[in-house]
Amino acid sequence: LSRARTNLTSVNDPIDSRQLQIFLCLAGKGNLKSAAAELFLTSSAISHSISNLEASLGVSLFYRSGKGLVLTPKGEFLYRKAIPLVAQMN
């Protein structure tokens, strides 16, 4: 088993661009249902994508509560870095 990454700057594996788009949408909307509707995906697909992204990075990107999702400090870091990356891809 590989060690969990504790720092996003140490990521060596490529991140799927679709995962970044889903992450940005979910971060902006704050809940699965709204993000799923905007992206024409199911809430389950959004959840799986974010879980896979968190697993590949070895960090939690969101605090989960009954009121929705809020970015963790690592999530905020990724959000700031992902915006210009996704913009360049579009």
Side-chain angles (χ1 to χ4, degrees):
L1 296 174
S2 63
R3 282 191 351 238
R5 294 183 180 105
T6 58
N7 187 332
L8 289 179
T9 59
S10 67
V11 174
N12 293 321
D13 299 331
I15 297 173
D16 185 293
S17 62
R18 185 69 176 146
Q19 284 180 319
L20 283 180
Q21 292 172 330
I22 291 169
F23 167 74
L24 289 176
C25 183
L26 183 57
K29 296 293 183 184
N31 68 68
L32 289 169
K33 187 176 179 179
S34 296
E38 182 167 317
L39 296 170
F40 302 102
L41 297 170
T42 64
S43 293
S44 179
I46 300 284
S47 181
H48 281 103
S49 177
I50 295 302
S51 292
N52 290 338
L53 180 59
E54 289 178 324
S56 70
L57 296 174
V59 298
S60 292
L61 298 171
F62 293 95
Y63 294 117
R64 289 146 173 92
S65 72
K67 294 184 178 184
L69 301 167
V70 177
L71 290 171
T72 65
K74 300 283 185 179
E76 290 175 10
F77 176 83
L78 181 60
Y79 186 81
R80 287 190 310 271
K81 298 296 182 180
I83 289 173
L85 290 173
V86 171
Q88 287 179 354
M89 287 187 270
N90 292 332

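Treat the numbers as computed from the prediction; the structure is a model and nothing was measured. Residues: numbered from 1 along the sequence shown.
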Begin from the C-alpha positions of Y79 and F62 and carry the test ring-ring contact (aromatic ring centres under 6.0 Å, His included) through to its verdict.
CA-CA 11 Å; Y79 186 81; F62 293 95; 9.3 Å; no
Derivation of the side chain to side chain contact (heavy atoms under 4.5 Å, CB included) call for V86 and L24
CA-CA 9 Å; V86 171; L24 289 176; 3.6 Å; yes
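Rounded to the nearest 0.5 angstrom, I15 CD1 and L78 CG are separated by 6.0 Å. Atom-to-atom distance recorded for L20:CG and M89:CE is 5.5 Å, nearest 0.5 angstrom. From I46, atom CD1 reaches atom CG of L39 across 4.5 Å, with rounding to the nearest 0.5 Å.
A donor-acceptor pair is defined here as one N or O able to donate and one able to accept, closer than 3.5 Å; no such pair exists between the side chain of S47 and the backbone of S43. Judged purely by atom type and a 3.5 angstrom limit, S34 has no side-chain atom pairing as donor or acceptor with the backbone of K29.
Each of I22 and V70 belongs to its own hydrophobic cluster when Ile, Leu, Val, Met, Phe, Trp and Tyr are linked at side-chain heavy-atom distances under 4.5 angstrom. Cluster membership for Y63 and L71, using ILVMFWY side-chain heavy atoms within less than 4.5 angstrom, is not shared. Taken together through direct or relayed side-chain contacts under 4.5 Å among Ile, Leu, Val, Met, Phe, Trp and Tyr, F40 and I50 form parts of separate hydrophobic clusters.
At least one side-chain heavy atom of R18 sits less than 4.5 Å from a side-chain heavy atom of L41. Taking the side chain as every heavy atom from C-beta outward, C25 and Q21 never approach each other to under 4.5 Å.
Listed here is the closest heavy atom pair of P84 and K81: CD-O, 3.4 Å. Of all heavy-atom pairs spanning E54 and L61, the tightest one is OE2-N, 2.8 Å.
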